Amino acid sequence: MEYLLGMMLVVIIIFACILIYYMFKEAHADRTLTHNLNFQELPIDFGELSIFFISDIHKRRVSDTIIENAKGKADFVIIGGDLAEKGVRLNQIKENLELLNQIGPIYFVWGNNDYEINTVELRALMNRLGVTILENTAVSLKGYKQSQVALLGVDDLTVGQCDLEGAVSSSVESSFRVLVSHNPEVIDMVTAEHQIQLILSGHTHGGQIRIFGFGPYEKGGIKKVGNTLLFVSNGYGTTTLPLRLGAKAETHLITINPSRSRVNDKIGK
C-alpha cells in the first residue's frame with residue numbers, strides 16, 4: 001500500500017512539473033495572429049489600414065521573433081496599456097520601445113499597472129522616443145483623397161482619469177473611429193452617437209490561467225456590442241505568475257478594409 005501511494009505521489013509530482021513547464025512555455029510564447037476586419041463605415045477611398053497591436057507586456061522583453069512577424073506589415077504600432085509594472089527597469093522599457101519602433105510609429109494608452117512605476121520618467125522616455133500618448137485625446141489618420149479616420153485613446157478606467165467624451169470631442173469629424181482603451185469595460189460608456197466602430201483593448205489576459213475553460217475573465221476575442229466591434233487581446237505578458245493555461249500569449253496584425261457588407265470578423269493565424 002505504501003509503495004502504491006509512493007508511486008502515485010511520484011506520478012502527481014511528474015505531472016505537476018510537466019504542467020508547470022507547459023504553462024511557463026505558453027506564457028513566453030511568441031504568437032502573432034492576423035485579423036482581417038471589414039467595415040462598411042470605413043470610407044472606400046481611405047484604403048487599407050494595418051495595425052500591429054500589443055497589450056500587457058508587463059515584465060516581458062519583446063522578442064526579435066515578434067518584430068520580424070510584423071516588420072513591413074503594419075502602418076503603425078498600438079500599445080494597449082500595461083507596457084510595464086512595478087519592478088520593471090526603465091532601460092528594459094526603452095529596449096522594448098526601440099524594438100517596436102522598428103515596426104512603425106507607436107501610439108500608447110495607459111494601463112493600470114503603468115502607474116506602478118515613475119510615470120514622469122516613463123512619459124519623458126516615450127516623448128524622447130517619439131511615442132504618441134493617447135490620453136483622452138485623438139489623432140487623425142489620413143488615407144487617399146484626404147479621407148480621414150480618427151484614432152482615439154483614453155486613460156485607464158480604474159487608476160487613471162478616463163474621459164471618453166474628451167477623446168471624442170478632440171477627434172476629427174469622421175464616419176469611422178477606432179478607440180484604444182486598456183480596459184474593455186469602456187464599452188459600457190460607448191453610445192451610438194460616439195460613432196466608434198472598433199475598440200482595441202487588453203487588461204484581462206484572457207483569464208491567464210483557465211481551468212477546464214473557466215477563468216476570472218473572458219478569453220480574449222472579438223465580439224459585436226451594439227454598433228461597435230470589441231477586440232480584446234489575451235496580451236503578451238503576464239502578471240503575478242509567469243504562467244498561462246488556456247489563454248495563449250498573443251500579439252496581433254489587424255488589417256482594416258472598407259466594405260459594403262457588414263463586419264467580417266474572420267480571423268486567421
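Note that this is a predicted model, so its numbers are computed, not measured.
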Peer 1: Kindly say whether His203 contributes a backbone atom to a donor-acceptor pair with the side chain of Asp56 at under 3.5 angstrom?
Peer 2: yes
Peer 1: Would you tabulate the side-chain donor-acceptor contacts of residues 127-134 under 3.5 Å, counting partners in other chains and residues two or more places apart, or write 'none'?
Peer 2:
residue	atom	partner	partner atom	Å
Asn127	ND2	Arg123	O	3.3

Peer 1: Working to the nearest 0.5 Å, report the span between CG of Asn112 and CG of Asp156.
Peer 2: 5.0 Å
Peer 1: Which atom pairs, one a donor and one an acceptor, fall under 3.5 Å between side chains of residues 17-27 and the rest of the protein, sequence neighbours left out?
Peer 2:
residue	atom	partner	partner atom	Å
Glu26	OE1	Arg31	NH2	3.3
Glu26	OE2	Arg31	NH2	2.9

Peer 1: Determine whether Ser201 and Val186 make a side-chain contact, defined as any pair of heavy atoms from C-beta on separated by less than 4.5 Å.
Peer 2: no
Peer 1: Give a yes or no on this: more than 12 heavy atoms of other residues, nucleotides or ligands lie within 6.0 Å of atom CD of Gln102.
Peer 2: yes
Peer 1: Between Asn183 and Ser181, is any side-chain donor less than 3.5 angstrom from a side-chain acceptor?
Peer 2: no
Peer 1: So, using side chain to side chain contact (heavy atoms under 4.5 Å, CB included) as the criterion, who are the partners of Asn69 when residues are at least two apart?
Peer 2: Thr32, Thr65, Ile66
Peer 1: For Phe231 and Ile254, what are the C-alpha separation, side-chain angles and deciding distance, and is it a side chain to side chain contact (heavy atoms under 4.5 Å, CB included)?
Peer 2: CA-CA 10 Å; Phe231 185 112; Ile254 304 169; 3.8 Å; yes
Peer 1: I need the minimum non-hydrogen distance between Ile187 and Val225, along with the two atoms involved.
Peer 2: CG1-CG1, 3.7 Å
Peer 1: Given 3.5 Å as the limit, does a donor-acceptor pair link the side chain of Arg60 with the main chain of His28, or not?
Peer 2: yes
Peer 1: Whether the Thr239 and His205 side chains hold a donor-acceptor pair (N or O, under 3.5 Å, no angle test) is what I'd like checked.
Peer 2: no
Peer 1: Which atoms form the tightest heavy-atom contact between Tyr236 and Ala29, and what is the distance?
Peer 2: CE1-O, 4.1 Å
Peer 1: Please check: side-chain N/O of Gln195 versus main-chain N/O of Arg177, any donor-acceptor pairing under 3.5 Å?
Peer 2: no
Peer 1: What's the spacing between Glu165 CD and Met189 CE if we round to 0.5 Å?
Peer 2: 7.5 Å
